[in-house]
J.: 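Just dropping this structure here.
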Amino acid sequence: MRVFSFAALLLIAAAVGAPDDTPDVRADVKVCENSTNAPKEAITSCTRLLEAGRFDDSKQANILALRCNAYNQIGQHDRALQDCDQAIQLDPNLSSAYVARGAAYYQKGLIQDALQEFDQALRIAPDSADARNGRGSVFLDLGQYDSAIREYSDAIRLRPDHAEALSGRGAAHVSKGQYDRALQDLDEAIRLKPNYATAFSNRGGAYVGKAQYDRAIQDYNDAIRLQPEYAQALRNRGYVYLQRGRFDRATQDLDAAIRLKPNYVEALVDRCLMHYRLEQYDRAIDDCGRAIKLKPDSALAFRLYGAAYLAKGQYDLAIQGLDEAIRIDPDNAEAFSNRGVAYFNRGQYDRAIENYDHAIQLNLSDADAFYKRAIAFYRKNLSDRVIEDLDQVIRLQPDNAQALGDRGGVYAVKGQFERALSDLDRAIQLKPDLFRAFYNRGRVYLGKGDYDRAIADYDEAIRLKSDYAEALYGRGTAFGLKGDYDRALAEYDVVLRLVPRNAPILGNRGGIYAFRGEYDRAIADYDEALRLQPDYVSAIRGRGIAHFMNGSHDSAADDFNAAAKIQNDSAYTAVLHFIALMRAGRDGQQALNEHVRQLDLRRWPGAVVKLYLGHVRQLDLRRWPGAVVKLYLGQARSDDVLAVGATATSWRERWECEASFYLAEYELLQDNRDRAITLFRKAVATAAVTLDEFHLAKAELARLGAN
């Protein structure tokens, strides 16, 4: 917290009386000279002395200077300037009048004018401790703390009991973070002047710096007790209450400070911060807006102003405010980070990343900026960059469960399941209620085919967050992959109530309906998914499969053709298109030849494509599922197939199911009904319920009356 010195400047000792003065005059002289400690009484007495008209120009100048100082003490700086101007006209060499006029300019915020007055006072009286003190206050306000300390030290050297200079030097030490040195000065100032409110307020700032908040509040209490309308002390105490989360007390103090000093920029900014923390964003914007009008170069006011608009979701206005904050203070990492969030929320991920880059360059220990940049990279599907940034977050914060959970989620997407599990297990250990970590671990187990453990993790994620649509969707998928279609449908129904009009969920539900033989409902879901997302290739292909299972081969062929145009490197779609065309009595050979140009026939099911094209000689029957092909061609034994499959792949059931289905379709097209039925039954016997080919084979058997 910035601590300013508003020291009660300039006790001006001037003997204005004369030996023949009356007791009343001498009494007024004594009160007038006490203009710093009893300013209102001093104004009355000084005024009576001036109205008496019995003093020469020199004495009148002294009285005017004293009254000028008194007006300064009660905040009537324009009245003070009138008196000081008149005093200087009467006595151009009265250094105390220049000091008092400098104080008036200082209090009005005319810092350079104040400095000129203090300099002039020193030209007249080089040993003026008050002028040195005034210069110290100017330098303190300008943030030139070493210069301020030098001036205050000169004032103390000239007058060791100068409580105001000791208080000011203490404030400068506070601003430099030298809290123990500050306390030495401020303790001495208070010893010399026990009723000096400013010294108590400044000492409160030192205790704030040392995180001794109770002692700070006690000092602010004393300052306010001594000077109930002390806006600076009220603001300082309000700030401490704000930082301690005591918003009710902070509100009282900040409101009081602003009531006393409506243009008090620092108090307005503090109150803006308080409203921001209370999520009262409109009130925060109002206070920071007022502060900006009063002080257009307040970077903090602009930063909070932008942050409040950011919280309201008004990203253009947020960026405008943060632009100004960065223009004024280009070294503030928080402003760049917040502007990055604004661009991120507008979907401008590259500009968001640029801002996070700046924030990180300014503060290499800013784990939050690394985390935010990781999320932006995630949106750009740059998973390696995501992991790099999450690595940095975890380096800075090894127990950051959220970062560990997210990194585990990225590893899961990349198929690096063991690394994913290591992160996710650790995240859950650190934060057992981190529902997203359970969700991500469920995704890992889903990818590993361990559906029961996946469901268990999805259960826990949903227990922690009952409306967690992603976990409900994942659990539905796990049920579907297990063949528990009723529970899968129930989950998808719940998800669609939470997230209506979602194409992927509709597509998955359509697949479940198709597997259950409810083809009309399946096609209706696929139609709706495609209405929402016309190029959703999985839904197009899924609808084609539903049509095929329903015996609508023409419609199936149209869908497979449309899917192949979007995803032209899928041999599976090419084969299904060929089969559907042929089953519909159309020419599939030409279509398959056209597809082949886009396919890598070295990869499965390229062998099936070659088979349908009559290119059996081109097949590499040494590679899986070449042994299956050889078996069905009568070139191998069952034992050979099992032996090759066991060594070739850990997904033998998948390859057996697929190979059996496609070879069955080949046999069916050759009118070898019995052989086709045998192969369809082999496909179904694999129990590979996650494969379309398994369900297609079941549908074909039903149509052939061979269940």
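Values below: every heavy atom of this structure, side chains too, minus hydrogens, waters and symmetry copies. Just so you know, these numbers come straight off a predicted model, no measurement behind them.
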J.: Is D28 paired with K30 through a side-chain N to carboxylate O contact shorter than 4.0 Å?
T.: no
J.: Any salt bridge linking K210 with D180? Criterion: basic side-chain nitrogen under 4.0 Å from a carboxylate oxygen.
T.: yes
J.: Is it true that R150 and S147 share a donor-acceptor pair across their side chains at a distance under 3.5 Å?
T.: yes
J.: For residues Q218 and R215, is any side-chain donor paired with an opposing acceptor at under 3.5 Å?
T.: no
J.: Would you call R303 and E324 a salt bridge, using N to O less than 4.0 angstrom?
T.: no
J.: At what distance, to the nearest 0.5 angstrom, does CD of Q227 lie from OG of S201?
T.: 9.5 Å
J.: Short question: side chain of S337, backbone of A333 - any donor-acceptor pair under 3.5 Å?
T.: no
J.: Strictly by modelled atom types, are H162 and N133 linked by a side-chain donor-acceptor pair under 3.5 Å?
T.: no
J.: Considering only NZ, NE, NH1 and NH2 on the basic side and carboxylate oxygens on the acidic side, decide whether R101 and D85 come within less than 4.0 Å.
T.: yes
J.: With a 4.0 Å cut-off, would you call D127 and R132 a salt bridge?
T.: no
J.: Are K312 and D282 close enough for a salt bridge, meaning some N to O gap below 4.0 Å?
T.: yes
J.: Within the 3.5 Å criterion, strictly below it, is a donor on R351 or Y343 matched to an acceptor on the partner's side chain?
T.: yes
J.: Just by modelled atom types, is the V341 backbone N or O under 3.5 Å from a matching donor or acceptor in the Y356 side chain?
T.: yes
J.: Checking R249 against Y241: is there a side-chain donor and acceptor pair closer than 3.5 Å?
T.: yes
J.: Does a donor on one side chain sit under 3.5 Å from an acceptor on the other, for Y315 and R346?
T.: no
J.: Is it true that D368 and K372 make a salt bridge, defined as a side-chain N closer than 4.0 Å to a carboxylate O?
T.: yes
J.: Charged N to carboxylate O below 4.0 Å: is that the case for D161 and R191?
T.: no
J.: Do D146 and K176 sit within salt-bridge range, that is, some charged N less than 4.0 Å from a carboxylate O?
T.: yes
J.: Is the shortest side-chain N to carboxylate O distance from E51 to R48 below 4.0 Å?
T.: no
J.: Rounded to the nearest 0.5 Å, how far does SG of C84 lie from CG of L64?
T.: 8.5 Å
J.: Is the shortest distance from a Lys or Arg side-chain nitrogen in D154 or R135 to a carboxylate oxygen in the other one below 4.0 Å?
T.: no
J.: Side chains of R181 and Q184: donor-acceptor distance under 3.5 Å anywhere?
T.: no
J.: Hey, are R67 and S35 close enough side-chain-wise for a donor-acceptor pair under 3.5 Å?
T.: no
J.: Establish, from distance only, whether the side-chain atoms of Q116 and Y98 form a donor-acceptor pair under 3.5 Å.
T.: no
J.: What I want to find out is whether D222 reaches R225 closely enough, with some N-O distance under 4.0 Å, to be called a salt bridge.
T.: yes
J.: Quick one, R169 with E151, criterion salt bridge (Lys or Arg N to Asp or Glu O under 4.0 Å). Give me CA distance, side-chain angles, the key distance, then yes/no.
T.: CA-CA 9 Å; R169 190 170 70 179; E151 295 292 339; over 6 Å; no
J.: Is the charged tip of K59 near the ring of F55: under 6.0 Å from the six-membered ring centre and within 45° of its axis?
T.: no
